[in-house]
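Shown next, in structure tokens, is the structure this report addresses.
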Amino acid sequence: MSAAGHPVLAELARHRLVPVIVIEDPSAATLLGDGLVGGGLPVAEVTLRTPGALDAIATLAARGDLLVGAGTVLTVDQVDRAVDAGAQYIVSPGTSAEVIARCHERGVAALPGAVTATEVQAALTAGVTTVKFFPASTSGGPAAIRALAAPFAGVSFVPTGGIGADDVAQYLAIPAVSAVGGSWMVPREALRNGDGEEIRRQVAAAVSAATKEE
Ligand SMILES: O=C(O)C(=O)C[C@H](O)[C@H](O)COP(=O)(O)O
């Protein structure tokens, strides 16, 4: 497993899982953080898809016991706002050289999306060696990652999109996969209902499923 680049990417590779979170009410950030830490996975990718996302990032980052990143980052301005809120890594669905350059200027890790050889090459040219393989399940799944890993020997993949508890292990079994992302670990309804115990339970189950592979 290669996790070259920013130390935060090495940390994500160590945890092996990246919970993707859509948070509607930022006041739920505390129970979310407690559920993640309690479940044994102190990692969060908060998507900038809701108005409260930046506040949630700020609350989670202020705790100091979680690796907090921003997801669905499409613009340079969003990079700045997420980093100002405390995000330590920036995840995008696709590859934008401008977004990656701003991440590097701000000293945070960039995790851009790439699912074709051309996209992986563009990401390499922009200076990253870990890419998010998104959307994983509809882009060829594990077989596609294995095929891409052959020519791109130094590249690590973080498959995300359409992955659940039942197939996380088959992705993590691929040497080029450093971590797996997904929203299944923090169910949106549980967050909406303020059900911290359900979040802790799902997170712990994901950690257990990820550990089985090793
Ligand atoms: O837009 C981004 O930057 C993203 O982070 C996309 C998310 O990772 C996926 O939407 C999660 O996919 P599911 O696990 O299938 O819900």
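Keep in mind it's a predicted model, so treat the numbers as computed, not measured. All ligand and atom numbering here is 1-based and tracks the order in the structure.
- In this structure, a donor-acceptor pair under 3.5 Å is absent between the side chains of Thr75 and Asp77.
- The number of heavy-atom neighbours closer than 6.0 Å to CG of Asp166, taken from other residues, nucleotides and ligands shown, is 12 or below.
- Looking at Ser92, its side chain never comes within 3.5 Å of a backbone N or O of Ile90 through a donor-acceptor pair.
- Electrostatic pairing of Arg106 and Asp80 counts as a salt bridge here, judged by a charged N lying under 4.0 Å from a carboxylate O.
- Of all the heavy atoms in Ala144 and Ser139, the pair that sits closest is CB-O, 3.3 Å.
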(request) With salt bridge (Lys or Arg N to Asp or Glu O under 4.0 Å) as the test, would you mind laying out the steps for Arg192 and Glu189 before giving the verdict? (result) CA-CA 5 Å; Arg192 197 179 279 146; Glu189 315 73 62; 5.4 Å; no
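- Listed as neighbours of ligand 1 are Val20, Glu45, Arg49, Gly71, Thr72, Val91, Ser92, Pro93, Lys132, Phe134, Thr160, Gly161, Gly162, Gly182, Ser183, each bearing a heavy atom under 4.0 Å from the ligand.
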